Amino acid sequence: MSFALSAPDLARALIGATLHVRGCTGIITETEAYTPDDPASHSFPGPTKRNASMFGPPGHAYVYRSYGIHWCLNVVGLPGHAVLIRALEPLDGIAAMIHRRGRAAPLTTGPGMLAQALGITGSDDGRPFGTAEFHLVLGPPTEIVIGPRIGITKAADWLRRYGKKGSKHLSRPFPSSV
DNA sequence: ACTCTGATGTACT
DNA sequence: GTACATCAGAGTA
């Protein structure tokens, strides 16, 4: 697939896709889009050391540390565009996920949990998607629900959170989903 | 069910 | 010094 998309386009395309990370796999159920003109985006101030991979080639990972504790995984699109992977439906490697999480549930319903379950750390920052151990496979067309993003204060009303309609594997319900 | 708070790396004022 | 794309645990009800 081509990753050279705007963050909102890429965020919609990734809903229903399967993420493979070193033997663990899951279906992406929730994403958020961050564009360079978005005050809440790490790319908004321009390139820095931390966000360098956000301005690198499309189809690579941008991994950053959140609140000093967690790692969060993004897929880079066009320069300065990235999509935060917020939740997964676990498929394979669940035993490894439980081991890394230290509990049976919840495993992957939040960006920090998801990165921990899959063993993603800062060493994955800048890694290209497309190798046997680290890649994405698009799923069939999926019904998508849209809502405001979570956990931000700037541009909090922008409707740039995307979810797989009806999924049980979301960090939080969507306002419109019933 | 809910609210509050601690943990703590990196970037910014 | 302060803010932050978060989570888990403790407390209240």
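Every chain is numbered from 1 and lettered A, B, ... according to where its sequence line falls, protein lines coming before strand lines. Computed from a prediction, not measured in an experiment: that's the story for all the values here.
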Identified pairing partner of B:dT13, criterion: Watson-Crick or G-U wobble below 3.5 Å: none
Parallel, tilted or perpendicular: rings of A:H42 and A:Y62 (30°, 60°): perpendicular
Nucleic acid contacts of residues 4-22 of chain A, taken as heavy-atom distances under 4.0 Å to DNA chain B: none
Minimum-distance nucleotide to A:M113 side chain [options: B:dC12, C:dA5, C:dC7]: C:dC7
Length of the line joining A:N51:CG and C:dA5:P, which is rounded to integer Å: 13 Å
Nearest-nucleotide pick for A:L84, side chain only, options being C:dA5, B:dT8, B:dT10: C:dA5
Close side-chain approach of A:F55 to A:S43, heavy-atom, < 4.5 Å: yes
Check: A:T35/A:R160 side-chain N/O donor and acceptor closer than 3.5 Å: yes
Donor-acceptor contact below 3.5 Å, side chain A:T108 vs main chain A:L114: no
Check: A:S53/A:D125 side-chain N/O donor and acceptor closer than 3.5 Å: yes
OP1 or OP2 of C:dT6 under 4.0 Å from side-chain N/O of A:R86: yes
Candidates C:dT6, C:dA8, B:dA7 - which lies nearest the side chain of A:I69: B:dA7
Under 4.0 angstrom between A:H70 side-chain N/O and C:dC7 OP1 or OP2: no
Integer angstrom distance from the C1' of B:dT3 to that of C:dA5: 22 Å
Partner nucleotide, any strand, of B:dC2 [Watson-Crick/G-U, under 3.5 Å]: C:dG11
Residue A:K154, side-chain atoms from C-beta onward, closest of C:dT6, C:dC4, B:dC12: C:dC4
Paired nucleotide for B:dT8 [Watson-Crick or G-U wobble; both distances under 3.5 Å]: none
Polar side-chain contact A:Y67-B:dA7 base: donor and acceptor under 3.5 Å: no
Between C:dA13 and B:dT5 - P atom distance, rounded Å: 15 Å
Side chain to side chain, A:V76 and A:P57, heavy atoms closer than 4.5 Å: no
Residue A:Y62, side-chain heavy atoms: nucleotide from C:dC7, C:dA5, B:dT10 that is nearest: C:dA5
C:dC7 OP1/OP2 closer than 4.0 Å to side-chain N/O of A:R65: no
Contact under 4.0 Å: A:R101 side-chain N or O vs C:dA8 OP1/OP2: yes
Minimal non-hydrogen separation, A:R100 against A:C24, with atom names: NH2-SG, 3.2 Å
Among C:dA5, C:dT6, C:dA8, the one nearest A:S41 by side-chain distance: C:dA5
Minimum side-chain heavy-atom gap A:L107-A:I98 below 4.5 Å: yes
Any A:T153 side-chain nitrogen or oxygen under 4.0 Å from OP1 or OP2 of C:dC4: yes
